[in-house]
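Here the structure is laid out as structure tokens; the discussion comes afterwards.
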2 protein chains.
Amino acid sequence: MPNQSQSATNQALDRVFHALSDPTRRAIMSRLGQGPASVSELAKPFAMAMPSLLQHLQVLEESRLIRTAKVGRVRTCEMQPVALDAAGHWIAEQRALWEGRLDRMEAYAKSLHKQEKKRDTKRFGKR
Amino acid sequence: MPNQSQSATNQALDRVFHALSDPTRRAIMSRLGQGPASVSELAKPFAMAMPSLLQHLQVLEESRLIRTAKVGRVRTCEMQPVALDAAGHWIAEQRALWEGRLDRMEAYAKSLHKQEKKRDTKRFGKR
DNA sequence: CTGATAGTTAGTCGCATGCCTAACCAAAGC
DNA sequence: GCTTTGGTTAGGCATGCGACTAACTATCAG
């Protein structure tokens, strides 16, 4: 099967990884990891015009890495870890493939499918 | 601290995430997860001119996601999971931050540093 | 040596990205 | 109601990316 027109999940990964490939956007994610924040609050640490930062936020939102909502004149941004998980999952999958441990991966995939909310310490085996 | 001129690790993450943001490159990584392959072997599944694919390989190599070596007229490519781990580590860090579980993260980071080869089932908590 | 095979280099092209300024709403604050 | 304050829209500009063709190099097979 040569390169067909891209499954939906693949496009999602495209967007997520692309979003994470920018240091500003990763910094924003780091900040949001500590809790929600307004746009101007997020903008403060950066020597960057507002519209530029806004664009970064758009990229993050379109990739579903964050969710935003406007209340009054303030837009509040919040991290949405699902997309992050998708990326992490893909990475873990490659690692597992590489280590020839498809058995465990399948079990993991199954557990993912069940949408179970149990969350455990994740651990990427190092090198 | 505002956006200083980019630490080396950050630039590495830029490159890795950017490399992974392309479906062709991810497909290549998936293929290499199953074992090393030559350039033309990698090219086969894609309806793409060689130079284009070559460029993808260059991106992957510069991001250190793969390593390549030429023997005779054949260049063989191999996955190099360290960069993948770096990306996975960053993601896990954000998750952990979000979940307010820095304690465990520190333990994980320390274990990473020790370069230990013990590998365990990784598990991203879903949702 | 000749030709096929495997990869490389150079140069082009169109579109996306990331940044900016300037102008513009729209809720608060007073 | 007038002015901040917080965000948004529009438009412009340089650079980078992903793809292509064409032409070239280098090894291996016979």
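A note on names: the letters A, B, ... follow the listed sequences, proteins ahead of strands, and every chain is numbered from 1. From a predicted model like this one, the values you see are computed outputs, not experimental measurements.
One hydrophobic cluster holds both B:I91 and A:L13 under the rule that ILVMFWY side chains link at heavy-atom gaps under 4.5 Å.
A donor-acceptor pair under 3.5 Å links the side-chain atoms of B:R26 to the main chain of B:L20, judged by distance alone.
Contact annotation: B:S52 side-chain N/O to D:dG18 OP1/OP2 distance is not under 4.0 Å. Listed pair B:R25 / D:dG18 meets the phosphate criterion, a side-chain N or O lying under 4.0 Å from OP1 or OP2.
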**Prompt:** When you look at A:E61 and A:Q80, which way does the side chain to side chain contact (heavy atoms under 4.5 Å, CB included) test go after all the steps?
**Reply:** CA-CA 9 Å; A:E61 186 161 26; A:Q80 213 178 0; over 6 Å; no

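Judged by closest nucleotide on DNA chain D, A:V74 is the one of A:V74 and B:H18 placed further toward the 5' end. Each of A:M50 and A:V71 was matched to the nucleotide of DNA chain C holding its nearest heavy atom; the match closer to the 5' end belongs to A:M50.
Considering only side-chain atoms of A:P51, the nucleotide from D:dG7, D:dA19, C:dC20 that sits closest is C:dC20.
In the interface, the side chain of B:R73 is not paired with the base of C:dA6 through any donor and acceptor atom under 3.5 Å apart.
Rounded to whole Å, the distance from CG on A:D14 to C1' on C:dA16 is 14 Å. Rounded to whole angstrom, the span from the NZ atom of B:K70 across to the P atom of D:dT27 amounts to 7 Å. With rounding to whole Å, A:Q55 atom CD is found 12 Å from D:dG12 atom C1'. Separating the CZ atom of B:F46 from the P atom of D:dC20 is a distance of 12 Å, rounded to the nearest angstrom. What separates CZ of B:R15 from C1' of D:dG16 is a distance of 15 Å, to the nearest Å. D:dT5 atom P lies 17 Å from atom CD of A:E41, rounded to whole Å.
Looking at B:T68 and B:E78, their side chains never bring a donor and an acceptor atom within 3.5 Å of each other.
Here B:S40 lies in heavy-atom contact (under 4.0 Å) with sugar-phosphate atoms only.
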